[in-house]
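To start, the structure itself, in structure tokens.
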Amino acid sequence: MSILHFCQVIQQMRFATALRESTLMFPILEGTHLLGLALMMAPVAMLDMRLLGILWKDEPATKIRNQFLPITFAGFAVMITTGLLLFWSEAVKCWSSKYFRFKLILLVLAGLNALLFHSTVDRKIKLWENHPVPPSRARFAGAMSLALWTLIIATGRYTAYNL
Amino acid sequence: MNLLPFFKWCDQSWMGEAIRSVTWAFPLIETIHILAMTVLLGGILMMDLRLLGAAERLLPVSKIQKQLTRYIDVSLVLIIVTGVLLFSSEAVKAYDNAAFFPKMYLLAAAVIYHYTVHRRAVTADNPSGPRWARPAAALSLALWFGVGICGRAIGFV
């Protein structure tokens, strides 16, 4: 079964069809996905800006992480839930868009970036938490995170266009 | 006051024509509009979650405000500029759209509120804001998310 076939099958399911053809549910779902961006991105950006040594330079990096990272879980939950439902209801259209497929790759990269950061540089965070400008590996993780998420948002928007 | 002639004029402006004639212009401007929205709404959310007591209490709200205020100001300018450009490319459609005017009213209210009452709340000496922090934050979020919801609704009504 090809991926396209899989998309056709799941989007023909009753729930997916109901969602796709709904007057209110789909707009609400899409609107929540869009506005949820703020909830997800902002706390991530707060930590990234600290890792880059651009904002919060006089605060320990651990404090910034502990202040903002808990919020990201709520943000990710909203984005993943709404995202999956949106995909399910329009699987074929999404998969047919090269921007969407690129977005999926970027999402994986963003996840890998976070994983890499947490398993390496973050382990030694106590060593540099008070440095206004953290070591280069941490700065790289922050820059990659911001760049990837910005591209993810852009490709998400472009999915609707057939450019 | 009949605004339709003004909207028609906007539609026919060189700006509106330019954006309509270049296929990739509208999507690009719209994407910048959304990225600006993420910064604007996100920054305000960081302060309001703190005021609501829904976030950790490690940082005083005035500190969050101080670090983010410039980014919020710039993203507000950017979102308005891109908004005007988007509007000029389909002004008459906007005029007839049920969500457009509500969005503009809410935007005006949100901006005024943000730079007056809300500013007082987030620059308070108390790290968790004044006694009226919670309703102040709730109103802020209602106004700004109201703008966002109307903005999305433009595509559906």
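Letters A, B, ... are given to chains in the order of the sequence lines, protein chains preceding strands, and every chain is numbered from 1. Please read these numbers as outputs of a predicted model, since none were measured by experiment.
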Name the member of [options] that forms the most heavy-atom pairs with chain A at distances under 4.5 Å.
| options | answer |
| --- | --- |
| B:Leu59, B:Leu35, B:Thr31 | B:Leu59 |
| B:Met37, B:Arg152, B:Gln67 | B:Gln67 |
| B:Ile32, B:Ile64, B:Ile149 | B:Ile64 |

Item to check | Greater than 12 external heavy atoms within 6.0 Å of B:Asp125's CG | outcome: no
Checklist entry - Any chance CH2 of B:Trp9 has more than 12 other-residue heavy atoms, nucleotides or ligands included, within less than 6.0 Å? => result no
Next on the checklist: In the structure I gave you, are the side-chain heavy atoms of A:Leu51 and A:Phe117 within less than 4.5 Å of one another anywhere?
Outcome noted: yes
Which bit of [X] is near chain B, if near means a heavy-atom gap under 4.5 Å: side chain, backbone, both or neither?
| X | value |
| --- | --- |
| A:Met40 | neither |
| A:Pro27 | both |
| A:Leu69 | neither |
| A:Ile71 | side chain |

Below 6.0 angstrom between ring centroids: does that apply to [X] and [Y]?
| X | Y | answer |
| --- | --- | --- |
| B:Phe7 | B:Phe101 | yes |
| B:Trp24 | A:Tyr158 | no |
| A:Phe87 | A:Phe100 | yes |

With a 4.5 angstrom heavy-atom cut-off, is it the side chain or the backbone of [X] that approaches chain A, or both, or neither?
| X | answer |
| --- | --- |
| B:Leu49 | side chain |
| B:Lys66 | neither |
| B:Phe156 | side chain |
| B:Leu41 | both |
| B:Arg50 | side chain |

Next on the checklist: Test salt bridge (Lys or Arg N to Asp or Glu O under 4.0 Å) on B:Arg20 and B:Asp11; report intermediate values, then the result.
Outcome noted: CA-CA 10 Å; B:Arg20 275 193 300 271; B:Asp11 232 15; 3.5 Å; yes
Item to check | Test log, rule salt bridge (Lys or Arg N to Asp or Glu O under 4.0 Å), inputs A:Arg157 and B:Glu30 | outcome: CA-CA 8 Å; A:Arg157 181 72 282 242; B:Glu30 200 187 26; 2.6 Å; yes
Which one, [options], leads in non-hydrogen pairs under 4.5 Å with chain B?
| options | result |
| --- | --- |
| A:Leu39, A:Thr23, A:Ile28 | A:Leu39 |
| A:Met49, A:Lys63, A:Met41 | A:Lys63 |
| A:Ala74, A:Ala45, A:Pro43 | A:Pro43 |
| A:Leu37, A:Thr32, A:Leu55 | A:Leu55 |
| A:Ala42, A:Ala38, A:Ala154 | A:Ala38 |

Checklist entry - Hey, are A:Glu129 and A:Thr62 close enough side-chain-wise for a donor-acceptor pair under 3.5 Å? => result yes
Item to check | Residue pair A:Asn113 / A:Ser145, side-chain donor-acceptor N/O under 3.5 Å | outcome: no
Next on the checklist: Any carboxylate oxygen within less than 4.0 angstrom of a Lys/Arg side-chain nitrogen, looking at A:Glu59 and A:Arg50?
Outcome noted: no
